[in-house]
Each structure stands twice: as structure tokens, then as C-alpha cells.
Amino acid sequence: MFHISERDFHTMHIVHVALQGCLRGSDIEYGITADTGGHIRYLLELVEASEQDPAIDRITLITRAFDSDFSHVDYTCPQEVLSDRVSLVRLATDHPGYLPKEQLYQELPSFMDAFEQWLRRQPQLPDALHAHYADAGEVAAEMQARLGIPFVFTGHSLGRSKLKCLQQSGTPLDDATHQTLMRRIAFEARAIREAGLIIASSRDEAEVQYADYPGYDAGRIRVIPPGSHLSAFTDAASTPCVDTMLGRFLTDPNKPALLAIARPVTRKNLAALVHAFGNSPALRDKANLVIVAGVRERIDHLESELADNLRELLELIDDYDLYGQVAYPRYHREEDIPALYAWARERGGIFINPAFNEPFGLTLLEASAAGLPLVATDSGGPNDIIEQCGNGILINPRHTERMACEMLDLLNDPARWQRMADHGHQAVLAFDWQRHVQRYHDLLARLCRPHTDTTPPRALLICDIDNTLTGSPVGIQTFNAWYQAQPRLGFGVATGRSFHSALSILEQAGIVYPQLVISSVGSEIHYLDDSGVRYQKDERWSALLDQHWQREAIARALEDFPGLTPQGPLEQRRHKLSYFSDGDTRLSARVQRYLQQRGLACTVIHSHGRYFDILPINASKGLAVEHVRQRFNIPARQLYVAGDSGNDLDMLRATPCSIVVANYSDDLLAAPGMSHVYAASAAHALGIIEGVKHFQQQELAS
Ligand code: GLC
Ligand code: MG
């Protein structure tokens, strides 16, 4: 499983399968049917970036041919050549007419037969299929079964999440809708079970939404954020039109603006924002609220969900008597949007998204690019954006009081506001198709041509990530080069982050691929398998942690414990409950005593004076590292670990060859049982190299 060797340069033919809506090579008629939307834009932008890589020899897009009486475009044309490498192929099926996505399933059998014939006619089978959306997933799974071509799956949006959302909002489901959703979920379930690789856009998708399916396997899913086109937002300025649009609502239009842009659907939770604002005299004094909730001619003419939500907003504005302090324009044009962000930025404002769940969050990226700090829901895509850019604050969308406090604190701290505003520009770099395809192609190459060196390692280096591996870009470059030259040294990470968060940060920082990942503070272990692309979960480890672990009881017991506030929902894992602490150093002892008295066994770990993790009694980075050492039969003297903070303590203590990097915190070296530790004089990744060299020389000398 160790050391991935250099791949031979080899070009690939990738076939994308997408059945919905009106797909063509350019001038997409967005909105012409309900299914001609976002996933088509995603696909074409992906292909456009993908074809620029010389490693890609040929790209084919496969879709279904149909007659349309609603468009002048010929959607029966069997082939469109989009460039010298890219073409679009339309396959005819039994039924000649257009079908909405709900009815496409009827045509899948004849589509699959036509597709199989097409594939067999090619001089060579393609290297991989890439299926977009549930129905294409079913097709690709079937082609893999018939012809052995591996496939990648991108769900775009998942049936189970939609079902949950409908159920939570109390929308009645008629039989036909229910049946359609169940069919879609069944297709997704097969694709999830059988795909070689799944690409998700956010951690929420990878760790929560896909996890709702029976074949869920985290090690086959990667989070690769899509690109976005943000140039219209980076240098936008406000316009007289926006001045007039908002000015007429506000007594003092120059106060900082709290800006929300969202369709008034229940999921967007705009009412919470009015409650937060209405209930906080300090915030009302400091700022204006601006809600841009779509366009409306007459509220009565809108779909009922939109109308109901707008009526609720107007009623709340009346109840709280917010006249002169809140703007809620009826109209805006597409081109006003960049100017709206700019208007808020020029007033030192904030972009706010209080949604119950935000699957991705394009408006948050736009606001980031426009230089507006974010206050956004801790459920969904905002987590990834704020983690990558450090340009905002995550909030629980149900706690309006805290929401108001966070906004007020940010407005009252101009230096912090400025830092966050500046950081927003990183969104442009992070959400970029070129970056996307670099990672995507690397994974594709591994998927198509599995090629790993299976010689077992002789020694193993396991490093903490944040502030140990990361923190110095030069250090990382040196580390990568140094590591590649180490014969038979396995490399793994041990981190407080979740598995997908760990892989994302390593990728962003440009650190070599780890062969094992100990994540969520030692409560999960994954190993890279022989394919060199998939990780396998250590189920034995998980089973061990289940013993004596009373997760629900502990969570309940700590609900109102003074000094502890829960971290966001993504940080709560099967074997990890995480809180923020008030920083009191005696908190660990207090919590431990309290839980012990209630017969609740666990491990408590306090780090950076701020993070507070509760784990099963058998879990910690140290115990996980020991488990891995035994699994690979590594002698104790050939295991090196490196860390910098409190959650590394037990791993450093328990390992004979342990390294503390110079930039350590939490008074690590003064802790008991740490006298054997090598204290590097170099910081970050350079400190790791220094430490390993020290132990290697020691071994040679003995
Ligand atoms: C990471 C995790 C967080 C944890 C902390 C300390 O930041 O995301 O949940 O509390 O590490 O272990
Ligand atoms: Mg660290």
C-alpha cells in the first residue's frame, strides 16, 4: 500500500453521461425546461477546463436525443463537435419526445442498449465514465457491469436530502412525487455503492448527505469544490440605481448594511434574520437590514411558499416597527447584484445567510469576492467557504440572539472586519476550475490505472496537520521533496479534523498524499488501498470504540454545562462530540468528574485553550497511532510522530520517537511524561524533518 510511484504519462478518454434537460455545446437555453439548469453549467465548465490538460486526449458527452416543439434548436442531431477533443453524442431511444427528469426512467433500458452499442463501436473503450445525476448514475453502473469501465459519480443534488427537506417543512407528498423520489433514491443508492469515485462539492455533501445512503463509504468520496466565475464581483462598485432602490427605505442609508440575498423559500429562514435584528436594539442602532428576496409583481401571484414567506417578513417588519431601518426592494435586475454587494461593502456591512441548510452557497462566494465578510449558517457549504477563506463566522440558524451578537461584534471590530473583507478574495482562487481539474485528473489517472508499490514500509511517520505540517509554505515544499527521497518511509496524518476536511486541507496546502489518515482526534482511521485512490475505513477500530460509548447520554448531560458551547454539526461525529470552551484550564477536570459521577466513561481533550473534544474511552490520537503501528508491524523505534498542541499530547507521550515543532502551544513541553520528546528548533514542517533526521541518526549510531 505504500509509496505511490510516478505514473506513466498516458492520455485518457473520458465519457460524461448527462440525460436531463436540453444539453448542447454552447448557448444553453437555461430555464427553457425545468431541468435545463445548474448541473449543465457545471458539466460544461468542467469540460472546458478539463480539455485544456494534455493528459486528456478525448472527452465525449453522451445524452439523449429528442424532438422538441418548444425550441428552434435541433436536439435530435446525433453529433456536435465542440472542439478537436470534445464532442457531444445524442443517442435515440424508443420514445422520440422530450421527457422531464421524472419520466426519464422509462427510457433508461433503451438508452443503455444504445449506449452499449456505441461503446462497442469505439476503437477502444473509454478509460472512465462520469455520471451526472441519479439517472446517469444508474446508466454508468450498468455499463460498468456490462463492459467493466470504471465510473465516477456526481450526484449534484440528492433525493434523500430533498425528501428530508420536504418532510421537515411539512409539505404533503402525493403518491406520484413519492414514487418518483424513491426511484431516484434507488438509482443513487446503486451509483453510490458501485462508483469507483464520488465527487462532492462540499463537506456537508460528503459527510452528511451521502452518509444517508446504505452503501456510504467515505473513502470513495472526495470533496472538490466547483469553479465559479467571480470576476463581475471582485471589482464591482455600487450604482445610482442601487442607491435609489435602497435609499427610499432607509432613514440613514449610510449605516453598515446587513445584506441577505435569497429566494423567500422556507429553507432560507429569512424570518430569523428579522427576529435577530428586531430584538437587538444595539444592532438596530448600528446597522440597517437589507433583504433582497427575489422579484415580485404582486405577492398574490407568487407560488404559495414564496408568498407565505414574504407575508411573514412584512408582518414581522410591522410587529418590530422596523420602518426606516430595513429595505426589501420589489425589483432588481441581474446586473444590480454585484452593485448590491458593493453597496454593502462600501458601508462596512456584512453578508448574512441564515438558511437551515445551504447546500453550496454561490451567493456567499459572490459576497466573498466582493469583499463582504460573511455570517452564515453552520449547515452545508458555508463551512467550506469560511474554512478556506477565513472570511466569516458560522452561526446556528436557530439561535437568533447569538446571530445578532456575532453581527454586532463584527461591526464593532473594524480591524477584524477588514481582515475578513480582505480574505474574501481567496474565494476566487479556491473555487477555480483549473484547480478543480488538477485534482480531478489526478484522481482519474489513479482510478483508470491503479498502480501502487505494495512493498510494506519499514518505518512510519505520523504528523498532526494544523500548525505542524501546515503553517509554512516553504516548509511544505521542503517536506515534500525530502519525503519523496525517503526509502520505505510510510506517511500518515493524525488530526482533529474530519476525514474529508483533512484531505481537503492537505490538498490545498499541496502536501503529499498520505497513506493513512487518523481523523477526528483519533476516532476514525482510513488506509489508502491498493488502488491508490480509495481509502478503506478501519472497521475494527470503530467497533472497538463503540464499547462503553454512550454518545447520546453524554451529549444530553452536557447540554447546559457552563463554559461549553457545541461546535457546528459537521464537527459532531459518531465517536466525537466537540465543543468550544471558555478557556478555563480546570474545565477538563470538572467535566470529567461530572460525567464520571453519572457513569459515563469517556476521554476529554482540551486544546488551544478553545477546543474541547469528548471521545470514547479507547480513542485518542495516541491509541490510534499505536493501533496502526501494530497493524503494520512497525518496531516502536521506527515510528515517528510530530505535533504542536494539546490534542497531540497523548500521542507524543506514548511514542519513543516523538517530535514537537518549535511553534508549539498549550505548554506541551512542560506537561508530565514529555522529557523524552525531541524539541525541534525549526517550526512547522521543517521541524518534522529535523526531528526525523535526529532519530534516524540516533538509530544509525546505536
Ligand atoms: C479540529 C476539529 C475540531 C476539534 C479540534 C481539536 O479543529 O475540527 O472539532 O475540536 O480539531 O481537536
Ligand atoms: Mg495542530
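For ligands, and for the atoms within them, numbers begin at 1 and follow the listed sequence. Quick note: numbers below take in every heavy atom, side chains included, and nothing from hydrogens, waters or symmetry partners. Quick note: residue numbers are just sequence positions, from 1.
- Of all N, O or S atoms in Asp466, the one lying closest to the Mg ion (ligand 2) is O.
- Note on Asp464: its N/O/S atom closest to the Mg ion (ligand 2) is OD2.
- Atom 8 (O) of ligand 1 has its closest protein heavy atom at Glu571 OE1, 2.9 Å.
- For atom 9 (O) of ligand 1, the closest non-hydrogen atom on the protein side is Gln567 OE1, 2.6 Å.
- The ligand atoms of ligand 1 that sit less than 4.0 angstrom from a heavy atom of Gly496 are 1 (C), 2 (C), 8 (O), 11 (O), 12 (O).
- Contact check for Asp546 versus His575: side-chain heavy atoms found under the 4.5 Å cut-off.
- Remark: the His526 side chain and the Ser519 side chain contain no N/O donor-acceptor pair separated by less than 3.5 Å.
- Aromatic rings of Trp433 and Tyr440 (six-membered ring for Trp) have centroids beyond the 6.0 Å cut-off, not under it.
- Aromatic ring centres of Tyr42 and His156 lie closer together than 6.0 Å.
- The atom of Asp644 nearest to the Mg ion (ligand 2) is OD1, with the search restricted to N, O or S atoms.
- Glu524 has no carboxylate O lying under 4.0 Å from a charged side-chain N of Lys576, or vice versa, which leaves the two without a salt bridge.
- Among protein heavy atoms, atom 10 (O) of ligand 1 sits closest to Asp613 OD1, 2.6 Å.
- Remark: the Gln418 side chain and the Asp422 side chain contain an N/O donor-acceptor pair separated by less than 3.5 Å.
- Arg573 and Glu207 are joined by a salt bridge, as a carboxylate oxygen and a charged side-chain nitrogen come within less than 4.0 angstrom of each other.
- Between Tyr611 and ligand 1, not a single N/O pair is under 3.5 Å apart.
- Set against the non-hydrogen atoms of Val521, the atoms of ligand 1 under 4.0 Å away are 12 (O).
- Below 3.5 Å of separation, one finds no N or O of Arg497 facing any N or O of ligand 1.
- Ligand 1 is approached by Lys576 to a heavy-atom distance shorter than 4.0 Å.
- Annotation for ligand 1: atoms under 4.0 Å from non-hydrogen atoms of Ser578 are 9 (O), 10 (O).
- For Tyr527 and Tyr535, the distance between ring centers is not under 6.0 angstrom.
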